[in-house]
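We name chains A, B, ... by the order of the sequence lines, and we start the count at 1 in each one.
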There are 2 protein chains.
Amino acid sequence: MFELLSQKFEEKIQLTEEEKELSRKFFTPKKLRRRQYLLQEGDVCKYVTFVEKGLLRYYTVDERGQEHITQFAFEGWWISDLLSFLTGEPSTYNIDALEHCELLLLSKAAEDEMLERIPKLERYFRILLQNNLIATQKRLASSLNQTAEERYSELIQSCPETLPQRIPQHMLASFLGITPETLSRIRRQLTLKAQGTRDKVQE
Amino acid sequence: MFELLSQKFEEKIQLTEEEKELSRKFFTPKKLRRRQYLLQEGDVCKYVTFVEKGLLRYYTVDERGQEHITQFAFEGWWISDLLSFLTGEPSTYNIDALEHCELLLLSKAAEDEMLERIPKLERYFRILLQNNLIATQKRLASSLNQTAEERYSELIQSCPETLPQRIPQHMLASFLGITPETLSRIRRQLTLKAQGTRDKVQE
DNA sequence: AGCAAATGTTGATGTATGTCAATTCGATTG
DNA sequence: CAATCGAATTGACATACATCAACATTTGCT
């Protein structure tokens, strides 16, 4: 149950066996079926969650009922509504499972105590936040300055097998901030272009 | 020179007089004139910088020579190219001064030693990163899901006096990811709307 | 297997924003 | 004060993307 978490810790910091052992005490395991909620709009986000297995999405629903996916979370990723978690305000987001999930929940109290008992983990979470911030800044820049086609191409390139296999297209569209129709057209464009270059090469 | 920095520390953590005193040793003061660079594309970002006075912008220049402003940094804010700072890779960003600035530079070595000597500051920087991440996620969501007019209105509302006074419109446009022409038209639209509602009220 | 629901595709059309060019406005500087 | 240069505005037109509707395809369920 904790294999992946321990591995992720080790990538960034070094823990003794006792510390590893101890750290596990602060987490609550939880399984989620496909389509079940981890967090619903209006609830306070009580946990930051580590994904041992499965896949979730983090999204809002606007006035017109449209879903806007802000983030996905695969195995080895953390997911939470940080704002609600930190302030205690009700969340405006939803988190639900796209696949069957095995999760490790960390409450605020548990986090605080864990960081006190294992201060090295402060560093782990700081690095995590840094990387997350860098990635989010990059996504922001690309959403402001690039076309939908460019963003889609780069997204797919970053994960050519897993993304299309595990995430339906209309959710990728939502993640990119475009409509399913537009994504469909973009894909056609791209296959046409790809064929064009293939033809040229074969001439 | 360190007034604002100490104040910002105090907002999030409690330091003794000695710790405050000690912390200052790790910073290098620097002044910058208007238009001077703090970081240029191609250089490695050697510092995270605290702004005691003044205003800077953080931006890239694309292939066509267009500037894209990712961030501004007012007094009391931190600014850096985190990716370059952490990895040592050359930066693809520029940072320059929009106004005369008084800055406090913190190198990687100084940061590491400071955090070792004053571990409480780990928490300060973690909170800083958290807040920054929350804000960036929010901006990302708004850039994906809102119109330029909505984004501009909210931006101005967040700082109705300082923003228009201290930042020229074409830079606000760049920050919003739109052209100066579009921003000009949006502003006209908004004043027309405002007049419309005023007229109604007066009827 | 067979049906219903969800997903993806395509076309016609509308809207927001970008591009390019001309013009005005304002501020700095000689 | 005039000259000049960057900033902001405006108009005509182009492009990217959204919307709505119809249809095709795939998936999930019993």
Treating B:Asn132 as the side-chain partner and B:Leu128 as the backbone partner, does any N or O pair qualify as donor plus acceptor under 3.5 Å? no
Could you list where the contact with chain B starts and ends along DNA chain D, reading 5' to 3', using a 4.0 Å heavy-atom cut-off? D:dA7 to D:dA12
Check: residues 27-47 of chain A side-chain donor-acceptor pairs under 3.5 Å, at least two apart:
unit_1: A:Arg34; atom_1: NH1; unit_2: A:Leu98; atom_2: O; d: 3.3
unit_1: A:Gln36; atom_1: OE1; unit_2: A:Arg33; atom_2: N; d: 2.7

Please report the interatomic distance OH(A:Tyr152) to CD1(A:Ile186), rounded to the nearest 0.5 Å. 8.5 Å
Between atom NZ of A:Lys12 and atom CD of A:Gln130, what is the distance when rounded to the nearest 0.5 Å? 10.0 Å
Interatomic spacing from CZ in A:Arg139 to OG1 in A:Thr70 - rounded to 0.5 Å: 7.0 Å
So, with a heavy-atom separation below 4.0 Å from DNA chain C, the residues of residues 167-181 of chain B are B:Gly177, B:Ile178, B:Thr179, B:Glu181
Supply the atom-to-atom distance B:Gln137 CD to A:Leu140 CG, rounded to the nearest 0.5 angstrom. 11.0 Å
Interface polar pairs with nucleotides 24-30 of chain C, N/O, under 3.5 angstrom:
none

For A:Leu5, is there any backbone N or O sitting under 3.5 Å from a side-chain donor or acceptor partner on A:Glu52? yes
Establish, with yes or no, whether the OP1 or OP2 oxygen of C:dT9 is under 4.0 angstrom from a side-chain nitrogen or oxygen of A:Ser184. yes
Distance col, row A:Ile134:CD1 vs B:Asp81:CG, nearest 0.5 angstrom, shows 8.0 Å
Would you find a donor on one side and an acceptor on the other, under 3.5 Å apart, between the side chain of A:Lys120 and the backbone of A:Gln14? yes
Atom pair distance, as rounded to whole Å: CG in B:Leu190 and P in C:dA16: 13 Å
In whole Å, what is the span from the CG atom of A:Leu98 to the P atom of C:dT7? 11 Å
Below 4.5 Å, heavy atoms only, C-beta onward: do A:Glu122 and B:Leu115 meet side chain to side chain? no
Classify the side chain of A:Arg185 and the base of C:dG8 as holding, or not holding, a donor-acceptor pair under 3.5 Å. no
What residues, two or more places apart in sequence or in another chain, satisfy ring pair (Phe, Tyr, Trp, His ring centres under 6.0 Å) together with B:Phe125? B:Trp78
For DNA chain D, determine which residues of residues 139-165 of chain B have any heavy atom closer than 4.0 angstrom to one of its atoms, and list them numerically. none
Do we see a donor-acceptor contact under 3.5 Å between the side chains of B:Thr136 and A:Thr136? no
Counting the atoms with a prime plus P, OP1 and OP2 as sugar-phosphate, which does A:Arg35 contact under 4.0 Å by heavy atoms, base, sugar-phosphate, or nothing? nothing
When rounded to the nearest 0.5 Å, the distance separating OH of A:Tyr93 from CD1 of A:Ile79 is 10.5 Å
